[in-house]
Amino acid sequence: RQVRSRLDCKVADLGEIQLKNIAEPNRAYAIYVGEIAEPRSALSGTSKAPAFSVEPDEPSIAVLPFANMSGDQEQEFFCDGLVEDIITTLSKISDLRVIARNSSFIYRGRSIDVRQIARELGSGFILEGSVRKHGDRVRITTQLIDAAHGAQVWAERYDRVIDDIFGVQDEITLILATEMQVKLTEGEQARLRYTTTNNIEAWTAWVEGLTHYRKPPTKESMGRALQCWERALRLDPSSAVLNAMLGFIQCLDARFGWWNEREAALAKAQAYVDTALLLDPECPDAHRTRCTLLFFQRRFEEATTAARRSTELAPNSADVAEIASFVLAPSGYPDEAVDQIEKAMKLSPNYPPYYLGILGNAYHLAGRVDEAISAFKAYDDRSPGFGLVDLVIIYQQHGRTDDAKEAAGRLMKARRGFTISSWLDTQFRRDQTQLEQDVASLREAGLPFA
């Protein structure tokens, strides 16, 4: 970490490896120079983290970040927004596996053979492109590559006025679906177009907000996304997606207490999601927000129904599958939750660390204790201090009191302000008896209540 930015070399994180005669695994890095193919990093952060195979006959695509040819870094978010909308649209196709944005975007600016990228992401096709924006004109070039052979399947160049950007998105996604010979049902055809807004100024504010939303969820990052999306909504109040995503940020506020009291935040979320569903009853983002809202209102069965509906509408969205798992496990359906978070990880091989927390929770509630421990350890590896609360609970409840106290000690070093009561404020569980037992276990391990 100290030298990687100072030396003229590249550093790849290989994750943790087991070394001979050493009990605990150790993190390894590769340092290399020149035009050497990069080794695949253990992006899960641990050798024990789950990996999911891809069926060879399963149609799949990864959309790489489009290169910004404008010479203006401020246009970077414009390129990213275009790709984000294409990915989101494609994720509505039930027979197509679409790699999530946070996995494909790690290849930005890296000169790597597309066949290697395809192997690392488990993708059969790769879409890459570039964008040159000048004034009110935009030139977009795209090419679809069959990753198995490195052969170009399709290529096109679009020279359009900026207001026609949505037409270009539609054209690209329809051609992709056709070229990969994905059979679309009538319902999928009807839902295929995913333009967040038809107002170009609102869309620009939307994609600017996405750059903040895709960062780790903090008060600062979500606050900036909120400002951008509120500006976008003022420009286009009729956007179901904008209403839905503003509602989702209010749900996060209800959980973490960034700006408003919980009930006030939930009321704001309710208003946004009601509007979104009125505008578009089949908007996946609206149902994703609704299931989160119902969950925080402790209306667990209704939350479960909304979560399932969101996965029906966007069967290949990692974002939707991840939230569905987050809601389903504590609502009494842990086995279903495991399926959803494993699907999210498959859709997003370079998944963010908190996926491991959701996975561990689903495993734990499903009674798969050893797998839960591995997941929470991996979470702590990638985000030090996180996953340790759950490890304390599991160890304490399974008679491993020394391990529980050791994990509790590491927790207090990593998160010095931790208290059981603050943790309890963020917990929502249908089984209140189990939650009470978890609190007792944390106290027994020596953690402070307040």
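Numbers here simply count residues along the sequence, with the first being 1.
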[Y] backbone acceptor or donor facing [X] side chain under 3.5 Å:
X: Thr311; Y: Arg308; result: yes
X: Arg255; Y: Cys251; result: no
X: Ser104; Y: Val63; result: yes
X: Ser123; Y: Arg119; result: no
X: Thr173; Y: Leu90; result: no
X: Ser348; Y: Met345; result: no

Tell me yes or no: between the side chains of [X] and [Y], is some donor less than 3.5 Å from an acceptor?
X: Trp203; Y: Asp85; answer: yes
X: Tyr107; Y: Glu120; answer: yes
X: Gln396; Y: Asp403; answer: no
X: Thr289; Y: Thr292; answer: no

Does [X] come within less than 4.0 Å of [Y], counting only side-chain N to carboxylate O?
X: Glu208; Y: Arg224; value: no
X: Asp380; Y: Arg410; value: yes
X: Glu201; Y: Arg231; value: no
X: Asp425; Y: Arg262; value: no

Quiz item: Say you draw a straight line from CG of Leu64 to CZ of Arg110; how long is it, rounded to the nearest 0.5 Å?
Solution: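 The CZ atom of Arg110 is 10.5 Å from CG of Leu64, to the nearest 0.5 Å.
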
Exercise. For the pair Phe295 and Phe300, name the ring-plane relationship: parallel under 30°, tilted 30 to 60°, perpendicular over 60°.
Key: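 Because their plane-to-plane angle is over 60°, the rings of Phe295 and Phe300 count as perpendicular.
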
Quiz item: Is the cationic atom of Arg415 (NZ for Lys, CZ for Arg) positioned less than 6.0 Å from the six-membered ring centroid of Phe386 and within 45 degrees of its normal?
Solution: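 The answer is yes; both the distance and angle limits are met.
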
Quiz prompt | Working for side chain to side chain donor-acceptor pair (under 3.5 Å), residues Ser317 and Asp319 | solution = CA-CA 5 Å; Ser317 167; Asp319 288 344; 5.0 Å; no

